[in-house]
Amino acid sequence: MNLMDPGNSSDVLRATSSIVLPPLPYAENALEPVITAKTLSFHYGKHHKAYVDNLNKLITGTDYSDLSLEEIIKGTAGRTERAAIFNNAAQIWNHTFYWNSLSPKGGGEPPSALKNTLEASYGSVDAFKKELAAAAVSQFGSGWAWLVLEDDKLKVIKTANAEDPLTTGKKPLLTIDVWEHAYYLDYQNRRPDYVNAVLEKLINWEFILQNIG
Ligand code: FE
């Protein structure tokens, strides 16, 4: 994008500042057998991409087209008349965060620094995993389970539909997508099996540590 080009009209600037679909951080088959390539190709290539395409259609030619994704999310949260923009923007952000919350090298024991932190907050790593699994399984309908920092304390929460913790002043550390599209091809109605497999085999402990900072 050449912002210095005096020939650029504002329309051109807006066209070049569109929201893009970030690349997946691994191959589509990298999370097998917990999440199959078929699920990932639909989830990333169709669902995540559709949110990007929809948002770009909704914001083209509006004041939102010059804003970052986070600015769009925070600027539209809780505004009924902007629900379509918020839903698509937040879903883009949530999915990118979700891909990074999983890793082909994930699962198992957390690094010792994180293990100590989790033990201090939850008593044990297992107790933490149980609390996150309970949030993921009990979310009624579509939504997300999260580990967040709130007032410097670890907290497990769940959100409905596209809602995310950015809008309520929390710092997201990890998320699990519990919309049916995340697991139905692989697990049908067995959401607990999907959640437990993710926690045992794919949870990206390093990502949590990075986000704690
Ligand atoms: Fe999803």
Please step through side-chain contact (heavy atoms from CB on, under 4.5 Å) for the pair Glu180 and Arg191, ending with a clear verdict.
-> CA-CA 8 Å; Glu180 282 188 346; Arg191 188 193 289 184; 5.5 Å; no
Atom pair [atom1] ([X]) and [atom2] ([Y]), whose distance is rounded to the nearest 0.5 Å:
{"X": "Ile72", "Y": "Arg82", "atom1": "CD1", "atom2": "CZ", "answer": "11.5 Å"}
{"X": "Ile157", "Y": "Trp144", "atom1": "CD1", "atom2": "CH2", "answer": "13.0 Å"}
{"X": "Leu174", "Y": "Tyr98", "atom1": "CG", "atom2": "OH", "answer": "10.5 Å"}
{"X": "Thr96", "Y": "Ile92", "atom1": "OG1", "atom2": "CD1", "answer": "7.5 Å"}
{"X": "Thr39", "Y": "Glu28", "atom1": "OG1", "atom2": "CD", "answer": "10.5 Å"}
{"X": "Ile176", "Y": "Ile203", "atom1": "CD1", "atom2": "CD1", "answer": "6.0 Å"}

When hydrophobic residues are tied together by side-chain contacts of less than 4.5 Å, even through go-betweens, does [X] share a cluster with [Y]?
{"X": "Leu102", "Y": "Leu185", "value": "no"}
{"X": "Val52", "Y": "Leu24", "value": "yes"}
{"X": "Val148", "Y": "Leu154", "value": "yes"}

Is it the case that the side chains of [Y] and [X] hold a donor-acceptor pair, with the cut-off being a distance below 3.5 Å and no angle test?
{"X": "Arg190", "Y": "Tyr183", "value": "no"}
{"X": "Trp179", "Y": "His43", "value": "no"}
{"X": "Asp186", "Y": "Thr36", "value": "yes"}
{"X": "Thr167", "Y": "Lys74", "value": "no"}
{"X": "Ser101", "Y": "Asn204", "value": "no"}

Indicate the atoms forming the closest heavy-atom contact of [X] with [Y], along with that distance.
{"X": "Lys158", "Y": "Ser138", "value": "NZ-OG, 2.8 Å"}
{"X": "Val125", "Y": "Pro110", "value": "CG2-CG, 3.7 Å"}
{"X": "Ala182", "Y": "Asp177", "value": "CB-O, 3.6 Å"}

Got Gln91 and Phe86 here, is their nearest side-chain heavy-atom distance under 4.5 Å?
-> no
Hey, does Leu21 have a side-chain heavy atom less than 4.5 Å from the side chain of Tyr44?
->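 Counting from C-beta outward, Tyr44 and Leu21 do come under 4.5 Å.
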Start with the C-alpha distance between Leu114 and Phe128, add both sets of side-chain angles, then the distance that settles side-chain contact (heavy atoms from CB on, under 4.5 Å), and finish with yes or no.
-> CA-CA 12 Å; Leu114 181 58; Phe128 158 69; over 6 Å; no
Are His95 and Tyr51 near enough that their ring centres are under 6.0 Å apart?
-> yes
Does the ring centre of Phe207 sit less than 6.0 Å away from the ring centre of Phe97?
->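 Yes - the distance between ring centres of Phe97 and Phe207 falls below the 6.0 Å cut-off.
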Is the [atom1] atom of [X] crowded by more than 12 outside heavy atoms at less than 6.0 Å?
{"X": "Lys129", "atom1": "NZ", "result": "yes"}
{"X": "Lys170", "atom1": "NZ", "result": "yes"}
{"X": "Tyr187", "atom1": "OH", "result": "yes"}

Within the distance-only criterion (no hydrogens, no angle test), does the side chain of [X] pair as donor or acceptor with the backbone N or O of [Y] below 3.5 angstrom?
{"X": "Asn94", "Y": "Asp164", "value": "no"}
{"X": "Ser65", "Y": "Thr62", "value": "yes"}
{"X": "Asp151", "Y": "Lys153", "value": "no"}

Give the C-alpha distance, both sets of side-chain angles, the deciding distance and a yes or no for side-chain contact (heavy atoms from CB on, under 4.5 Å) between Asn54 and Asn87.
-> CA-CA 10 Å; Asn54 289 340; Asn87 286 335; over 6 Å; no
Are any of the side-chain nitrogens in Asp53 or Lys49 under 4.0 Å away from the carboxylate oxygens of its partner?
->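 Lys49 and Asp53: salt-bridged.
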Is any NZ, NE, NH1 or NH2 atom of the basic residue among Glu119 and Lys115 found under 4.0 Å from an Asp or Glu carboxylate oxygen of the other?
->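 Salt bridge: yes.
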